[in-house]
Amino acid sequence: MIHIPPFKWVCFNYLCFFIFCSNTLFGQQSDSLFVEYLFEKKYYADIIRWTEQKGQAFSYYRGLAFYNQQQIDSAIYNFDKLPVGHPSFIKSRFLVGFGQAFLKKYEMSYQTFTQSKVEDTLQSALKNFELAGLALLQRDTSAFASYQKNFRGNFFAFSQEEEKLKEIGVLIRKHKKKSPLLAGAMSVVVPGSGKIYAGKTGQGIITFIQNLALGLQAYEAYRRDGWKSPRFIIYGGLFTFFYVGNIWGSTLSVHIRQQEFNDKMNGQILLNMQTPLRVVFGQ
(Lines give C-alpha, C1' and ligand atoms only; values in the text may rest on other atoms or scores of the structure.)
Protein backbone atom coordinates (compact mmCIF):
# COMPACT_ATOMS: atom_id res chain seq x y z
CA MET A 1 0.00 0.00 0.00
CA ILE A 2 1.31 3.45 -0.94
CA HIS A 3 1.32 5.94 1.88
CA ILE A 4 0.35 9.48 0.82
CA PRO A 5 1.68 12.17 3.19
CA PRO A 6 -0.82 14.58 4.66
CA PHE A 7 -1.41 17.77 2.72
CA LYS A 8 0.21 19.95 5.38
CA TRP A 9 3.40 17.87 5.32
CA VAL A 10 3.65 18.21 1.55
CA CYS A 11 3.24 21.99 1.84
CA PHE A 12 5.89 22.12 4.56
CA ASN A 13 8.39 20.21 2.39
CA TYR A 14 7.79 22.53 -0.55
CA LEU A 15 8.21 25.54 1.71
CA CYS A 16 11.55 24.25 3.05
CA PHE A 17 12.74 23.53 -0.47
CA PHE A 18 11.75 27.04 -1.60
CA ILE A 19 13.54 28.68 1.35
CA PHE A 20 16.67 26.62 0.69
CA CYS A 21 16.74 27.56 -3.01
CA SER A 22 16.03 31.20 -2.25
CA ASN A 23 18.82 31.42 0.33
CA THR A 24 21.26 29.76 -2.05
CA LEU A 25 20.32 31.94 -5.01
CA PHE A 26 20.06 35.25 -3.20
CA GLY A 27 23.11 34.42 -1.08
CA GLN A 28 25.23 34.03 -4.20
CA GLN A 29 23.79 37.19 -5.70
CA SER A 30 24.43 39.19 -2.54
CA ASP A 31 28.01 37.88 -2.38
CA SER A 32 28.60 38.93 -5.98
CA LEU A 33 27.10 42.36 -5.39
CA PHE A 34 29.21 42.79 -2.29
CA VAL A 35 32.48 41.90 -4.00
CA GLU A 36 31.62 44.17 -6.95
CA TYR A 37 31.05 46.99 -4.48
CA LEU A 38 34.50 46.34 -3.01
CA PHE A 39 36.01 46.48 -6.51
CA GLU A 40 34.25 49.76 -7.17
CA LYS A 41 35.85 51.18 -4.02
CA LYS A 42 39.20 49.57 -4.90
CA TYR A 43 39.38 47.74 -1.56
CA TYR A 44 41.58 45.04 -3.05
CA ALA A 45 43.13 43.86 0.21
CA ASP A 46 39.64 43.42 1.70
CA ILE A 47 38.56 41.46 -1.39
CA ILE A 48 41.48 39.09 -1.00
CA ARG A 49 40.76 38.46 2.68
CA TRP A 50 37.02 38.05 2.13
CA THR A 51 37.28 35.73 -0.89
CA GLU A 52 39.80 33.51 0.91
CA GLN A 53 36.97 32.59 3.27
CA LYS A 54 34.73 31.74 0.32
CA GLY A 55 37.06 29.18 -1.19
CA GLN A 56 37.67 28.30 -4.84
CA ALA A 57 34.28 29.63 -5.99
CA PHE A 58 35.67 33.16 -5.74
CA SER A 59 39.11 32.46 -7.25
CA TYR A 60 38.39 34.80 -10.15
CA TYR A 61 37.65 37.79 -7.92
CA ARG A 62 40.67 37.01 -5.76
CA GLY A 63 42.89 36.77 -8.85
CA LEU A 64 41.53 40.06 -10.19
CA ALA A 65 42.24 41.76 -6.86
CA PHE A 66 45.84 40.51 -6.93
CA TYR A 67 46.09 41.61 -10.58
CA ASN A 68 45.00 45.16 -9.75
CA GLN A 69 47.64 45.26 -7.02
CA GLN A 70 50.24 44.12 -9.59
CA GLN A 71 50.88 40.92 -7.64
CA ILE A 72 50.91 39.07 -10.94
CA ASP A 73 52.18 35.68 -9.73
CA SER A 74 49.35 35.43 -7.17
CA ALA A 75 46.84 36.59 -9.77
CA ILE A 76 47.93 33.89 -12.23
CA TYR A 77 47.78 31.24 -9.48
CA ASN A 78 44.14 32.07 -8.77
CA PHE A 79 43.10 32.48 -12.42
CA ASP A 80 44.50 29.02 -13.15
CA LYS A 81 41.96 27.53 -10.72
CA LEU A 82 39.01 28.53 -12.90
CA PRO A 83 37.24 25.66 -14.69
CA VAL A 84 36.66 25.82 -18.44
CA GLY A 85 32.94 26.54 -18.04
CA HIS A 86 33.42 29.54 -15.76
CA PRO A 87 31.80 32.74 -17.13
CA SER A 88 35.11 34.61 -16.88
CA PHE A 89 37.34 31.76 -18.06
CA ILE A 90 38.28 33.32 -21.42
CA LYS A 91 38.96 36.69 -19.82
CA SER A 92 41.15 35.02 -17.21
CA ARG A 93 43.25 33.32 -19.92
CA PHE A 94 43.92 36.66 -21.59
CA LEU A 95 44.92 38.16 -18.24
CA VAL A 96 47.18 35.18 -17.51
CA GLY A 97 48.87 35.56 -20.91
CA PHE A 98 49.44 39.26 -20.36
CA GLY A 99 50.67 38.67 -16.81
CA GLN A 100 53.22 36.15 -18.02
CA ALA A 101 54.41 38.63 -20.66
CA PHE A 102 54.70 41.29 -17.95
CA LEU A 103 56.87 38.90 -15.91
CA LYS A 104 59.01 38.23 -19.03
CA LYS A 105 57.87 34.60 -19.17
CA TYR A 106 57.47 34.94 -22.90
CA GLU A 107 57.34 31.25 -23.83
CA MET A 108 54.62 30.57 -21.26
CA SER A 109 52.70 33.63 -22.43
CA TYR A 110 52.86 32.42 -26.04
CA GLN A 111 51.49 29.02 -25.07
CA THR A 112 48.69 30.58 -23.01
CA PHE A 113 47.54 32.82 -25.85
CA THR A 114 47.83 30.24 -28.61
CA GLN A 115 45.97 27.59 -26.57
CA SER A 116 43.20 29.97 -25.49
CA LYS A 117 39.82 29.39 -27.12
CA VAL A 118 37.95 32.41 -28.43
CA GLU A 119 34.23 32.87 -28.98
CA ASP A 120 33.98 35.55 -31.67
CA THR A 121 35.88 37.64 -34.20
CA LEU A 122 36.57 40.37 -31.64
CA GLN A 123 38.34 37.96 -29.30
CA SER A 124 40.17 36.38 -32.24
CA ALA A 125 41.48 39.79 -33.36
CA LEU A 126 42.42 40.60 -29.76
CA LYS A 127 44.32 37.32 -29.48
CA ASN A 128 46.26 38.17 -32.67
CA PHE A 129 47.00 41.64 -31.27
CA GLU A 130 48.35 40.27 -27.98
CA LEU A 131 50.57 37.81 -29.84
CA ALA A 132 51.88 40.69 -31.97
CA GLY A 133 52.79 42.62 -28.83
CA LEU A 134 54.46 39.54 -27.39
CA ALA A 135 56.55 39.19 -30.57
CA LEU A 136 57.79 42.78 -30.17
CA LEU A 137 58.67 42.16 -26.53
CA GLN A 138 60.90 39.35 -27.79
CA ARG A 139 62.22 41.61 -30.59
CA ASP A 140 61.01 39.05 -33.13
CA THR A 141 60.21 41.52 -35.91
CA SER A 142 59.50 38.82 -38.51
CA ALA A 143 56.84 37.21 -36.28
CA PHE A 144 55.40 40.65 -35.56
CA ALA A 145 55.11 41.32 -39.30
CA SER A 146 53.04 38.15 -39.74
CA TYR A 147 50.63 39.21 -36.97
CA GLN A 148 50.57 42.79 -38.22
CA LYS A 149 49.13 41.60 -41.54
CA ASN A 150 45.93 40.80 -39.65
CA PHE A 151 45.59 44.31 -38.22
CA ARG A 152 42.37 45.58 -39.79
CA GLY A 153 41.40 48.46 -37.53
CA ASN A 154 37.85 47.05 -37.52
CA PHE A 155 37.45 47.10 -33.76
CA PHE A 156 37.30 50.45 -32.04
CA ALA A 157 38.35 48.80 -28.76
CA PHE A 158 41.97 48.57 -29.93
CA SER A 159 42.27 50.10 -33.41
CA GLN A 160 44.42 52.93 -32.02
CA GLU A 161 46.60 50.45 -30.14
CA GLU A 162 47.19 48.57 -33.41
CA GLU A 163 48.53 51.75 -34.99
CA LYS A 164 50.72 52.49 -31.98
CA LEU A 165 52.11 48.96 -32.07
CA LYS A 166 52.98 49.43 -35.74
CA GLU A 167 54.89 52.62 -34.85
CA ILE A 168 56.78 50.83 -32.09
CA GLY A 169 57.64 48.06 -34.53
CA VAL A 170 59.14 50.61 -36.92
CA LEU A 171 61.21 52.17 -34.13
CA ILE A 172 62.55 48.78 -33.08
CA ARG A 173 63.45 47.81 -36.65
CA LYS A 174 65.22 51.12 -37.27
CA HIS A 175 67.08 51.11 -33.96
CA LYS A 176 70.74 50.33 -34.47
CA LYS A 177 72.60 48.60 -31.67
CA LYS A 178 75.93 50.19 -30.84
CA SER A 179 79.07 48.28 -30.01
CA PRO A 180 80.53 48.49 -26.47
CA LEU A 181 83.91 47.41 -27.87
CA LEU A 182 83.92 50.22 -30.40
CA ALA A 183 82.97 52.72 -27.69
CA GLY A 184 85.87 51.51 -25.55
CA ALA A 185 88.32 51.67 -28.45
CA MET A 186 87.24 55.20 -29.31
CA SER A 187 87.80 56.27 -25.70
CA VAL A 188 91.32 54.83 -25.79
CA VAL A 189 92.17 57.17 -28.69
CA VAL A 190 90.15 60.22 -27.60
CA PRO A 191 88.82 60.19 -24.02
CA GLY A 192 85.08 60.87 -23.92
CA SER A 193 84.47 60.05 -27.60
CA GLY A 194 83.05 56.65 -26.68
CA LYS A 195 80.38 58.29 -24.53
CA ILE A 196 79.51 60.68 -27.36
CA TYR A 197 79.16 57.62 -29.63
CA ALA A 198 76.86 56.05 -27.03
CA GLY A 199 74.63 59.13 -27.12
CA LYS A 200 75.87 60.73 -23.90
CA THR A 201 77.27 63.87 -25.54
CA GLY A 202 77.37 66.03 -22.41
CA GLN A 203 79.15 63.34 -20.38
CA GLY A 204 81.59 62.78 -23.24
CA ILE A 205 82.59 66.44 -23.39
CA ILE A 206 83.05 66.64 -19.60
CA THR A 207 85.15 63.46 -19.64
CA PHE A 208 87.34 64.84 -22.42
CA ILE A 209 87.95 68.11 -20.51
CA GLN A 210 88.76 66.25 -17.25
CA ASN A 211 91.27 63.94 -18.93
CA LEU A 212 92.82 66.79 -20.93
CA ALA A 213 93.30 68.96 -17.83
CA LEU A 214 94.81 66.13 -15.77
CA GLY A 215 97.00 65.03 -18.68
CA LEU A 216 98.38 68.54 -19.14
CA GLN A 217 99.06 68.88 -15.42
CA ALA A 218 100.86 65.53 -15.36
CA TYR A 219 102.92 66.46 -18.43
CA GLU A 220 103.86 69.85 -16.96
CA ALA A 221 104.92 68.19 -13.66
CA TYR A 222 107.02 65.66 -15.55
CA ARG A 223 108.63 68.34 -17.74
CA ARG A 224 109.58 70.54 -14.81
CA ASP A 225 110.23 68.16 -11.90
CA GLY A 226 110.68 64.69 -13.43
CA TRP A 227 108.77 61.45 -13.00
CA LYS A 228 109.79 61.04 -9.33
CA SER A 229 108.26 64.33 -8.20
CA PRO A 230 105.20 64.17 -5.87
CA ARG A 231 103.31 66.52 -8.20
CA PHE A 232 103.81 64.20 -11.18
CA ILE A 233 102.90 61.12 -9.12
CA ILE A 234 99.65 62.76 -7.94
CA TYR A 235 98.56 64.12 -11.32
CA GLY A 236 99.84 61.09 -13.20
CA GLY A 237 97.88 58.79 -10.88
CA LEU A 238 94.71 60.88 -11.23
CA PHE A 239 95.06 60.95 -15.01
CA THR A 240 95.51 57.17 -15.16
CA PHE A 241 92.48 56.63 -12.91
CA PHE A 242 90.19 58.89 -14.96
CA TYR A 243 91.57 57.63 -18.28
CA VAL A 244 90.87 53.99 -17.44
CA GLY A 245 87.51 54.97 -15.95
CA ASN A 246 86.66 56.79 -19.16
CA ILE A 247 87.19 53.59 -21.17
CA TRP A 248 85.08 51.47 -18.83
CA GLY A 249 82.43 54.18 -18.58
CA SER A 250 82.14 54.37 -22.36
CA THR A 251 81.47 50.64 -22.75
CA LEU A 252 78.99 50.81 -19.87
CA SER A 253 77.22 53.81 -21.43
CA VAL A 254 76.40 51.74 -24.51
CA HIS A 255 74.83 49.03 -22.33
CA ILE A 256 72.86 51.61 -20.33
CA ARG A 257 71.66 53.39 -23.46
CA GLN A 258 70.47 50.10 -24.96
CA GLN A 259 68.73 49.14 -21.72
CA GLU A 260 66.99 52.53 -21.57
CA PHE A 261 65.71 52.04 -25.10
CA ASN A 262 64.50 48.51 -24.36
CA ASP A 263 62.77 49.56 -21.14
CA LYS A 264 61.02 52.43 -22.90
CA MET A 265 59.83 50.23 -25.78
CA ASN A 266 58.72 47.43 -23.46
CA GLY A 267 56.76 49.83 -21.30
CA GLN A 268 54.91 51.18 -24.33
CA ILE A 269 54.25 47.69 -25.70
CA LEU A 270 52.83 46.42 -22.41
CA LEU A 271 50.64 49.50 -22.05
CA ASN A 272 49.22 48.93 -25.52
CA MET A 273 48.66 45.24 -24.77
CA GLN A 274 46.86 45.95 -21.52
CA THR A 275 44.52 48.73 -22.64
CA PRO A 276 42.35 46.59 -24.97
CA LEU A 277 41.91 43.98 -22.23
CA ARG A 278 40.31 46.62 -20.03
CA VAL A 279 38.08 47.85 -22.85
CA VAL A 280 36.99 44.48 -24.27
CA PHE A 281 36.43 42.68 -20.99
CA GLY A 282 35.46 45.68 -18.87
CA GLN A 283 38.29 44.92 -16.43
Side-chain angles (χ1 to χ4, degrees), residues 70-73 99-109 132-145 164-274:
Q70 294 192 342
Q71 299 181 37
I72 306 301
D73 280 325
Q100 290 166 335
F102 181 83
L103 295 174
K104 299 183 179 180
K105 298 178 180 180
Y106 299 134
E107 194 62 37
M108 295 176 66
S109 177
L134 182 62
L136 281 184
L137 288 172
Q138 296 175 285
R139 302 298 186 264
D140 190 344
T141 54
S142 60
F144 172 73
K164 290 177 182 177
L165 217 56
K166 288 180 184 178
E167 294 173 4
I168 295 171
V170 172
L171 290 175
I172 290 175
R173 282 194 295 270
K174 289 185 175 181
H175 179 71
K176 294 181 180 179
K177 291 184 178 180
K178 296 186 177 181
S179 169
L181 291 177
L182 179 58
M186 291 175 65
S187 291
V188 170
V189 179
V190 180
S193 61
K195 289 188 177 182
I196 295 174
Y197 164 75
K200 306 285 187 180
T201 304
Q203 293 182 16
I205 293 173
I206 292 172
T207 299
F208 174 77
I209 294 172
Q210 285 177 338
N211 279 269
L212 178 63
L214 290 171
L216 290 174
Q217 289 288 346
Y219 173 75
E220 183 66 16
Y222 173 76
R223 189 178 66 83
R224 287 189 175 187
D225 305 321
W227 64 274
K228 291 184 179 181
S229 67
R231 184 184 173 195
F232 172 75
I233 292 173
I234 292 172
Y235 281 107
L238 287 173
F239 171 76
T240 302
F241 176 79
F242 279 96
Y243 179 75
V244 173
N246 129 80
I247 298 171
W248 170 250
S250 295
T251 60
L252 191 61
S253 292
V254 173
H255 286 294
I256 293 173
R257 191 74 171 180
Q258 183 63 38
Q259 189 61 48
E260 288 174 348
F261 174 81
N262 286 333
D263 289 344
K264 181 180 179 180
M265 292 297 102
N266 289 348
Q268 293 180 5
I269 294 167
L270 288 169
L271 177 62
N272 281 279
M273 289 175 67
Q274 185 182 40

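Small disclaimer: the values here were computed from a predicted structure and weren't measured. Starting from 1, each residue takes its place in the sequence as its number.
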(request) Test side-chain contact (heavy atoms from CB on, under 4.5 Å) on Asn272 and Leu136 and set out the steps. (result) CA-CA 12 Å; Asn272 281 279; Leu136 281 184; over 6 Å; no
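- Distance OG1/Thr141 to CD1/Ile172: 8.5 Å, rounded to 0.5 Å.
- Environment of CZ in Phe261: crowded, with over 12 heavy atoms of neighbouring residues, nucleotides or ligands closer than 6.0 Å.
- For Glu220, the side-chain contact (heavy atoms from CB on, under 4.5 Å) criterion is met by Arg223, Arg224, Arg231, not counting sequence neighbours.
- A donor-acceptor pair under 3.5 Å links the side-chain atoms of Asn246 to the main chain of Tyr243, judged by distance alone.
- Between the CG atom in Asn211 and the CD1 atom in Ile206 there is a gap of 12.0 Å [rounded to 0.5 Å].
- Partners of Leu214 under the side-chain contact (heavy atoms from CB on, under 4.5 Å) rule, at least two apart in sequence or in another chain, are Tyr235, Leu238, Phe239, Phe242.
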Acceptor/donor pairs from residues 189-197 side chains to any protein atom, 3.5 angstrom cut, sequence neighbours excluded:
unit_1: Ser193; atom_1: OG; unit_2: Met186; atom_2: O; d: 2.8
unit_1: Ser193; atom_1: OG; unit_2: Val190; atom_2: O; d: 2.7
unit_1: Tyr197; atom_1: OH; unit_2: Ser179; atom_2: N; d: 3.0

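- Taking the side chain as every heavy atom from C-beta outward, Tyr106 and Lys104 approach each other to under 4.5 Å.
- The closest side-chain heavy-atom distance from Thr251 to Leu181 is not below 4.5 Å.
- Between Lys264 and Gln268, some side-chain heavy-atom pair lies under the 4.5 Å cut-off.
- By the side-chain hydrogen bond (donor to acceptor under 3.5 Å, both in side chains) test, Gln138 is found to be paired with no residue, residues two or more places apart in sequence or in another chain being considered.
- For the atom pair OG (Ser253) and NZ (Lys178), the distance works out to 11.0 Å, reported to the nearest 0.5 Å.
- Every residue meeting the side-chain contact (heavy atoms from CB on, under 4.5 Å) condition with Ala143, not counting sequence neighbours, appears here in chain and number order: Ala135, Asp140, Tyr147.
- Within the structure, no pair that satisfies the salt bridge (Lys or Arg N to Asp or Glu O under 4.0 Å) test touches residues 248-259, not counting sequence neighbours.
- Side-chain contact between Gln258 and His255: absent, with no pair of heavy atoms (C-beta onward) separated by less than 4.5 Å.
- At a threshold of 4.5 Å between non-hydrogen side-chain atoms, the residues Leu271 and Lys164 do not count as touching.
- The heavy-atom pair separating Ile247 from Gly184 by the smallest distance is CG2-O, 3.9 Å.
- The line from CD1 of Ile72 to CD of Gln70 is 6.0 Å long, rounded to the nearest 0.5 Å.
- In this structure the side chain of Gln100 never reaches within 4.5 angstrom of the side chain of Leu134, judged on heavy atoms.
- Put simply, CD1 on Ile269 and CZ on Phe102 are 13.5 Å apart, with the number rounded to the nearest 0.5 Å.
- Between Asp225 and Phe232 the shortest side-chain heavy-atom distance does not fall below 4.5 Å.
- To the nearest 0.5 Å, atom CD1 of residue Ile256 and atom CG of residue Asp263 are 11.5 Å apart.
- Scanning both residues, Ile233 and Lys228, for their nearest heavy atoms gives CD1-O, 3.7 Å.
- The minimum heavy-atom distance between Ala101 and Leu137, with the atom names listed, is CB-CD1, 4.0 Å.
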